[in-house]
J.: 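Take this structure first; my questions come after.
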Number of protein chains: 4
Amino acid sequence: MTKIERAATGRARSGRGATASDKDVAASAGRPRSEEAHQAILDATLALLGEVGFSALTVEGVAGRAGVGKATIYRRWASKLPLVVDAFGGLPALEDADTGSLASDLKVMLRSYLELFNKTPLAAVLPALASERAHDPALAELFDPVLLQRRSPLVQALERAVARGEVSADLDLDLAADLIVGPIAVRLFFTGRKIQAKMVDPMVDMALGGIARPR
Amino acid sequence: MTKIERAATGRARSGRGATASDKDVAASAGRPRSEEAHQAILDATLALLGEVGFSALTVEGVAGRAGVGKATIYRRWASKLPLVVDAFGGLPALEDADTGSLASDLKVMLRSYLELFNKTPLAAVLPALASERAHDPALAELFDPVLLQRRSPLVQALERAVARGEVSADLDLDLAADLIVGPIAVRLFFTGRKIQAKMVDPMVDMALGGIARPR
Amino acid sequence: MTKIERAATGRARSGRGATASDKDVAASAGRPRSEEAHQAILDATLALLGEVGFSALTVEGVAGRAGVGKATIYRRWASKLPLVVDAFGGLPALEDADTGSLASDLKVMLRSYLELFNKTPLAAVLPALASERAHDPALAELFDPVLLQRRSPLVQALERAVARGEVSADLDLDLAADLIVGPIAVRLFFTGRKIQAKMVDPMVDMALGGIARPR
Amino acid sequence: MTKIERAATGRARSGRGATASDKDVAASAGRPRSEEAHQAILDATLALLGEVGFSALTVEGVAGRAGVGKATIYRRWASKLPLVVDAFGGLPALEDADTGSLASDLKVMLRSYLELFNKTPLAAVLPALASERAHDPALAELFDPVLLQRRSPLVQALERAVARGEVSADLDLDLAADLIVGPIAVRLFFTGRKIQAKMVDPMVDMALGGIARPR
DNA sequence: TCGTAAGCGAGACGGTACGTCGAGTCTTGCT
DNA sequence: AGCAAGACTCGACGTACCGTCTCGCTTACGA
């Protein structure tokens, strides 16, 4: 009732006759959720992920660190998993680089991405979420689009290479993307050592040139 | 550690022949540990890993399923992590195949390995352990040798290919191995779909031939 | 306190006549408190007291039942205790009866009071408030005058009996009142059974005549 | 366990020596419950009842004070109510006194009982339990027998008085008992003042002699 | 007649306690 | 000394209310 009136007013104001796209519906009864608390929670989550890792992360700990009641967290996220997915989604992703050649695009992108692994809890979060994904379809639904979006610059670089004729037009781009990041994933998951920036060139070169000696 | 204990116990029980000189003296006062219980615990662990996944696996549950007291588990493993590592170590690994060509070696090996993912909790366990590894150096120490050993057939196949001249002698074999299994790892960790056997050929071909169109 | 406010508001709304001199000045800026909400809250409180009892009574529940925001309750009462005291104060009390003899006065009064126990949440509220009273002096201050007022018809009946010469002039009337209602209190607090109306006569007779056989 | 103790006591009292049929079989699998913890919990409960009262008593507080985990409390009592009933049952009760006359029996008994009100949390616990009793039949079942047993010395004193001819043989002893303790109950529940020892004599005298002036 | 100040329902806020669960340890009596 | 059973302390879980605090709104008064 009130809601309808308000929505109507809003629409009237924006003077866009039938604009179906009104997103701000549903609007508020009661006190609105605190954007401040929201951010404090995500920040605390990332901080603690970096400090104690995923499995030792407790909702209670996040609440304490964020200066927030537990209920305020549970009002927004059903459990620590979607919370971590959301926090993870806020971390920087692959940054596209368009240098004119596939090899150098990839090298620039991967090198700067590797830096993120050393600056953010990314390395701790990724395997943990991957692990939970398997047994929790609801998590998969949250997690997958985030992942997809994060690797899209990689696919774009490959598409540019196709356009340039650097790679064959009937290449399976998805598989190619997996091949490029594969070694990083393997070493991230199964190795303690930090992955060194100088590994990027051999990785990219081998992925592009292949293992087998060209006859 | 656990393996050593098991080996020692096993030896003590079975062969009395050469034993006097053995170093595993100290041996038994009191009742020896039950090999039966040991195996029941590992079996229950694998069964539950498959059913509920790693994060919902509880020591209490394992004890119940194995018909064993909790203390009997803690007497052998310090916590659920080394227990799972041990159980994981009991799963079948890559099986070497020597067919005369690198491509077909790899295809045979990967195809049969993919089958294991569908038959065992491997797919559930690997990412979970990888995730814990990061924040638990003690776990890394247990886990890494197991991993290394499991991929050794892959490296051997590559070494044979070097010997045959199929690949260049100065190839970084470790990196090559990562490149080959990379796409599988990526899809295992970040995808819900089971990896299909028919993906193996394109994967191996792309890894061997490279992404870039040979000029 | 609350009563004073209510009275003041009521007067302010209706009569404008004699008001200038009234002390309840300061009066209104802004919207006056809703008498409707006030009553809805008290009604909801009594209803819920009857349904779920005192300890399961929540302010949130009262607000919900009364169709009122929590703040509207806290604006009027500091907590659920004074609220319940107020609600309790609205329940009917002992009703004086002047029949000419102490015995029959008491029997009439107690009989009709017992009926209230079966029709109102009185039986649930009294022990609860008594229990809180002990550790909450502020509550005592609210509660005691209400109690005193409620039993005054009893004392008046006794005073009439003194005047008539039915009882000795130097009788401790307060103690006598306690003796009369004592058995009801004991049974109310420590017994599940409803107190039956037919118990009233023996109770009063025994209180008046005493336990000991007159020699 | 408490039940067992009570049953045991009962049996011992009824002195049926040879009950071979001991029901407490079932006996031990696993570690037996710690009698030490049991007592520590009851002690902590009584201490806290005295300090903060019933409604501010928390299970968490009891656990902390007793140096015990919460689960250890919940393993024995379903909630704080039965716990408090049990603790209450451990408090001293009316102590029988046989002086040869009803009046002096009662005066001695009540006087020493009043002392308990000042030394134990009795005064805080009784109204609280009475209040909860109403809406919790399970509690009533625990609470009633304890109450009954606690007032039995009073009934016994009355029975002796009947035997002696001090009171009429067809007196309703239960009602008489209620009349005697009635004033104490009323003042306990509805008055802040401690009940003074010197009130005992007038109370007993009025209960025995009656309110009405003997004609 | 209109501004303004308080009241209104709604519901989020930081907290505290709830009752449950599992971790890892300890204590039974038995083997 | 190992075994199954199960109680132990501890600490996190997710829920429910507490009493307080915005929200956007209504409502009456006094300028």
J.: Counting only side-chain N and O atoms of C:R33, is one of them less than 4.0 Å from OP1 or OP2 of E:dA5?
T.: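 No, C:R33 has no side-chain N/O under 4.0 Å of OP1/OP2 on E:dA5.
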
J.: Which nucleotide, E:dT25, F:dG6, E:dC13, lies nearest any side-chain atom of D:A29?
T.: F:dG6

J.: What integer distance in Å separates A:I41:CD1 from E:dC13:C1'?
T.: 11 Å

J.: Once you round it to whole Å, what is the distance between P of F:dA4 and NE2 of B:H38?
T.: 13 Å

J.: Applying a 4.0 Å non-hydrogen cut-off, can you work out what B:A71 is touching in the nucleic acid: base, sugar-phosphate, or nothing?
T.: base

J.: Is there side-chain contact between D:V125 and D:F54, with heavy atoms separated by less than 4.5 Å?
T.: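 They are not in side-chain contact.
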
J.: Rounded to whole angstrom units, what separation is found between the CZ atom of A:R65 and the P atom of F:dA12?
T.: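 For the pair A:R65 CZ and F:dA12 P, the rounded distance is 14 Å.
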
J.: Taking atom P of F:dA7 as reference, at what distance in whole Å does atom CD of D:E36 sit?
T.: 17 Å

J.: Report the residue (B:G69 or C:A78) whose heavy-atom-nearest nucleotide on DNA chain F is the more 5′ of the two.
T.: B:G69

J.: Which part of the nucleic acid, if any, lies within reach of D:T72 when heavy atoms closer than 4.0 Å are counted: base, sugar-phosphate only, or nothing?
T.: base

J.: Please report the shortest heavy-atom distance between D:V52 and D:L57, naming the atom on each side.
T.: CG2-N, 4.1 Å

J.: Indicate, with a heavy-atom threshold strictly under 4.0 Å, whether D:G61 touches base, sugar-phosphate, or nothing.
T.: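 The residue D:G61 makes no contact with any strand.
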
J.: Quick one: B:E132 CD to E:dA23 P, roughly how many Å, whole number?
T.: 13 Å

J.: Using the salt bridge (Lys or Arg N to Asp or Glu O under 4.0 Å) rule, take D:R65 and D:E51 through it: C-alpha gap first, then chi angles, then the decisive distance, then the call.
T.: CA-CA 12 Å; D:R65 172 75 76 106; D:E51 290 170 27; 2.7 Å; yes

J.: In Å, rounded to the nearest 0.5 Å, how long is the span from CD1 of B:I41 to CD1 of B:I73?
T.: 4.5 Å

J.: Looking only at side-chain N and O atoms, does B:R75 come under 4.0 Å of OP1 or OP2 in E:dC26?
T.: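 It does not, given that no N or O in the side chain of B:R75 lies less than 4.0 Å from OP1 or OP2 of E:dC26.
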
J.: Could you check A:T58 against D:A37 and say which one's nearest nucleotide on DNA chain F is further toward the 5' end?
T.: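 Per heavy-atom nearest nucleotide, the more 5' residue is D:A37.
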
J.: Nearest 0.5 Å, please: how far is CG in C:D86 from CZ in C:R76?
T.: 11.0 Å

J.: Provide, to the nearest angstrom, the distance between the CG atom belonging to B:L48 and the P atom belonging to E:dG22.
T.: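 Atom CG in B:L48 sits about 12 Å away from atom P in E:dG22.
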
J.: Quick check for you: among F:dC18, E:dC8, E:dG19, whose closest atom lies nearest to any side-chain atom of D:Y74?
T.: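 From the listed options, E:dG19 comes nearest.
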
J.: Find which nucleotide of DNA chain E each of A:I73 and B:K80 is nearest to by heavy atoms, and output the residue with the more 5' nucleotide.
T.: A:I73

J.: Without decimals, in angstroms, what is the distance between A:L83 CG and F:dG14 C1'?
T.: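 Atom-to-atom, A:L83 to F:dG14, this comes out as 14 Å.
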
J.: If you check the C:V59 side chain, which of E:dG24, F:dG19, F:dC8 turns out closest?
T.: F:dG19

J.: May I have the distance from D:R76 (atom CZ) to F:dG6 (atom P), rounded to whole angstrom?
T.: 15 Å

J.: When you match C:G67 and C:E60 each to their closest nucleotide on DNA chain E, which lands nearer the 5' end?
T.: C:G67

J.: What's the closest nucleotide to the side chain of A:R31 if the choices are E:dA12, F:dC13, E:dC18?
T.: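 That would be E:dA12.
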
J.: Hey, does B:K70 reach any base, or is it just sugar-phosphate, or nothing, if we go heavy atoms under 4.0 Å?
T.: base

J.: Check A:F143 against A:V85 and note the closest heavy-atom contact, atom names and distance.
T.: CA-CG1, 4.3 Å

